[in-house]
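Accompanying notes for the structure given below.
Heavy-atom basis, side chains included; hydrogens, waters and symmetry copies ignored. A quick note: this is a predicted structure, and the numbers were derived from the prediction, not measured.
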Amino acid sequence: MYNFPPLHNGQNLVHSERKRFNVLYAGRRWRKTTYMSLLMFRYALKYRGEYLWASATHDQNKIAVSYMEKMGGKKISVNRSSMMITFKNKSIIRFRSLVKPDNARGFTIDGVCIDESAYVNGDAFFEVIRPTLMSSLGWAF
């Protein structure tokens, strides 16, 4: 059994209305990182693929790794040196800082969560991530 956090009403609403590309504006205590961690974890469990978690800083990525590690426990493999989680179904979640957008180049991406996107280089999505999502028909949050 996985240790999934419960969703509050606002998260349930966002979850039920999500599309292929999503932008979420919410307050500081809305638990955006928690919600997106759960979303990505569930996608990786259900759909074998390669996923990207991106944010402005390495420290922000470590928060998401910790959330997902709590959800998966021993059922997932967490490699903190390469900032990667591997699932038994061969799904992979990579964690990258987008201080330099090129940090996200060279990967297949079936889905991406960009945490704290206001602090990420504005070119990262349109020049690096979006073209990769076009070839995989992937999703973005």
Side-chain angles (χ1 to χ4, degrees), residues 1-28 30-141:
M1 195 69 176
Y2 294 97
N3 186 23
F4 294 138
L7 297 179
H8 60 65
N9 290 340
Q11 291 168 331
N12 279 319
L13 178 64
V14 166
H15 192 72
S16 69
E17 295 184 1
R18 71 190 186 286
K19 306 292 184 214
R20 182 175 175 212
F21 296 107
N22 305 273
V23 176
L24 175 60
Y25 294 100
R28 292 186 67 217
W30 194 87
R31 309 289 300 168
K32 296 177 295 291
T33 303
T34 303
Y35 169 71
M36 290 192 313
S37 296
L38 177 60
L39 178 76
M40 181 165 280
F41 193 97
R42 285 182 168 168
Y43 266 102
L45 275 177
K46 189 171 182 178
Y47 307 105
R48 181 178 167 181
E50 296 187 31
Y51 302 91
L52 176 67
W53 182 279
S55 67
T57 68
H58 182 67
D59 286 342
Q60 189 68 32
N61 288 337
K62 288 194 285 188
I63 293 169
V65 170
S66 294
Y67 285 163
M68 290 186 209
E69 191 170 29
K70 286 177 189 171
M71 285 181 228
K74 296 187 184 294
K75 295 181 180 185
I76 59 173
S77 173
V78 179
N79 186 326
R80 289 186 178 270
S81 63
S82 65
M83 291 300 285
M84 190 167 73
I85 293 176
T86 306
F87 291 74
K88 290 182 180 181
N89 68 355
K90 306 296 185 211
S91 283
I92 295 171
I93 301 174
R94 290 186 177 88
F95 299 81
R96 295 292 181 265
S97 165
L98 291 180
V99 169
K100 296 178 184 174
D102 287 341
N103 288 341
R105 287 193 191 273
F107 301 113
T108 298
I109 301 172
D110 296 300
V112 60
C113 287
I114 303 174
D115 199 10
E116 300 294 349
S117 62
Y119 302 104
V120 169
N121 183 316
D123 297 331
F125 184 77
F126 293 104
E127 291 184 13
V128 179
I129 294 170
R130 177 77 168 105
T132 303
L133 292 173
M134 289 175 63
S135 63
S136 68
L137 299 177
W139 54 268
F141 228 100

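- Side-chain atoms of V14 and N22, non-hydrogen and from C-beta on, never get closer than 4.5 Å to each other.
- The shortest distance between side-chain heavy atoms of F107 and V112 does not fall below 4.5 Å.
- The side chain to side chain contact (heavy atoms under 4.5 Å, CB included) test with L38 is passed by exactly one of R42, M40, M36: R42.
- A side chain to side chain contact (heavy atoms under 4.5 Å, CB included) with F95 holds for exactly one of M68, R80, H58, Q60; it is M68.
- Note: K32 NZ to S37 OG = 12.0 Å, rounded to the nearest 0.5 Å.
- Between I93 and I76, the closest side-chain pair of non-hydrogen atoms is not below 4.5 Å.
- Between the CD atom in E50 and the OG1 atom in T108 there is a gap of 4.5 Å [rounded to 0.5 Å].
- Put simply, the side chain of Q11 never gets that close to the backbone of T34: no donor and acceptor are under 3.5 Å apart.
- When all heavy atoms are compared, the tightest approach of D110 to G49 is OD2-CA, 3.2 Å.
- Between the side chain of S97 and the backbone N or O of A56 there is at least one donor-acceptor pair closer than 3.5 Å.
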Item checked: Evaluation steps, ring-ring contact (aromatic ring centres under 6.0 Å, His included), between F41 and F4 -> CA-CA 9 Å; F41 193 97; F4 294 138; 5.8 Å; yes
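- The shortest distance between side-chain heavy atoms of L133 and I109 falls below 4.5 Å.
- I85 has its side chain out of reach of W53: every pair of non-hydrogen atoms, C-beta onward, lies at least 4.5 Å apart.
- Neither side chain, T57 nor D59, offers a donor N or O lying under 3.5 Å from an acceptor on the other.
- Between F87 and Y51 there is no side-chain heavy-atom pair separated by less than 4.5 Å.
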